[in-house]
Amino acid sequence: MERKVSRIYPASDSDTVYFLQIAWEKELGTGFVVTLSDGRLAWTGKVPEAEISREAADMEMEREKYVEELRKALILQTGPADKYNFDISKEEESGEFCHFSYEKNLKDVSFRLVSLKLQKLASPAEAIKEMVSYCLDCIAELHTKKEHLQKENERLLSDSDDMQRRLESCVETKEQLEEELYKRFILVLNEKKAKIRSLQKLLGEAQNPAENTTHTR
Amino acid sequence: MERKVSRIYPASDSDTVYFLQIAWEKELGTGFVVTLSDGRLAWTGKVPEAEISREAADMEMEREKYVEELRKALILQTGPADKYNFDISKEEESGEFCHFSYEKNLKDVSFRLVSLKLQKLASPAEAIKEMVSYCLDCIAELHTKKEHLQKENERLLSDSDDMQRRLESCVETKEQLEEELYKRFILVLNEKKAKIRSLQKLLGEAQNPAENTTHTR
Amino acid sequence: SPDTKQHFACEYDRYGDSYTVDTDMTQLKEVFSRINDIK
């Protein structure tokens, strides 16, 4: 059983906070259970699969699209707060039933997403405990994920530092290598140049012995 | 106001879940408020700063150490579940008051950490709504942190891949550099060697002209 | 001019490196970079 608990404020009484719990098996489109609580009382109602198809047909909307709209409104709750209008109206004093409706506001029109009659729960405490327990489980799970991500983060950071050091050392050794090679090349090359100079001198002397004797005298 | 909500099961009735809310200003040691709820009713009580000092003195424990023990038990809740015993006893049928105690189990002894009288709340719904709202705020905050860490991780991962590529390319260019330099050095060196060979030939001819004539003839 | 050409041919190899004057880091780097161009 998947579950999502959120806080909502009825359009007709925006100072009062209600807690909305949506529970569904695997796919939201296979139907879901709505539980509403004001912290003291609780109401619940089921939206069966057939109802979802009927609603989509009434709105002449593709079923998948309608289910996606439901998901965005009831579970993801993405987008600005005024994107959806929620309202609850108790049918009579006993509050035995209440009417729950959820609308999506577009520019100048709003269309009804969910509208159903909820039955008051004889023991709201169970529903409320379920909501708080679900929230505490979420918090624990998110804490675990957060810790795991933080550890992963630290590992990646240290890997990245390590890689940075290796890259710097690679660049450094490349420069040293270049320097080292040039030094050796220069040594060997200058040896050869010295050899050429001495050969050129000898050749000069051999080609002009007379000149050299005079020069030497 | 710092807050922590957790689930606890009384030693005397471990099937029943209670929700414990600890609320404190800045430092736990400056006193804290305990709120307990079973989803229907709620009780609350305050542990003032002086009380904390008295408890620590009674246990002949350093105040800081005692506050740290409180923090571990009531807020961090680290360690195995059976490390702490929690119990609640309603004083009389009306349940106007209840006695709340918290013990830490050591090997063969347990010492009392918190023991106080809680007063039943006239409107438990407010306290319950506060708990659920706190939990939902935690979930939202943890979601944000989780998303931030996930984005951070993706960035670090891509940085690390990028660094890996740069490191590989650095190693590759270092090898290519070495090869390239040797190739050019060989070209320049062989020019000198060719020069030396030709000079040596000329020198040979200059030093033994007769021989060369014969040789040429 | 042919003379200048002849002179350079005696003094420098085809990469512009002197046969007799000792080289250093800067000059050798320059010679190597010319090899690149020649390629």
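So that the names make sense, note that chain A is the first sequence line, chain B the second, and so on, each numbered from 1.
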What I want to find out is whether D13(C) reaches K192(B) closely enough, with some N-O distance under 4.0 Å, to be called a salt bridge.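 So D13(C) pairs with K192(B) through a salt bridge.
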
Any side-chain heavy atom of E180(B) sitting closer than 4.5 Å to one from F32(C)?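 No, every pair of side-chain atoms sits at 4.5 Å or beyond.
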
Around atom [atom1] of [X], are there more than 12 heavy atoms of other residues, nucleotides or ligands at under 6.0 Å?
X: F8(C); atom1: CZ; answer: no
X: R40(B); atom1: CZ; answer: no
X: E62(B); atom1: CD; answer: no
X: Q200(B); atom1: CD; answer: yes

Which region of I196(B), side chain (C-beta onward) or backbone (N, CA, C, O), has a non-hydrogen atom less than 4.5 Å from a non-hydrogen atom of chain C, or is it both or neither?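 The answer is neither part of I196(B).
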
Below 4.5 Å from any heavy atom of chain B, which atoms of T23(C) appear? Answer side chain, backbone, both or neither.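 T23(C) has no heavy atom closer than 4.5 Å to chain B.
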
Pairwise distance CG(D17(C)) to CZ(R184(B)) - rounded to 0.5 angstrom: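 Rounded to the nearest 0.5 Å, the CG-CZ separation comes out at 14.0 Å.
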
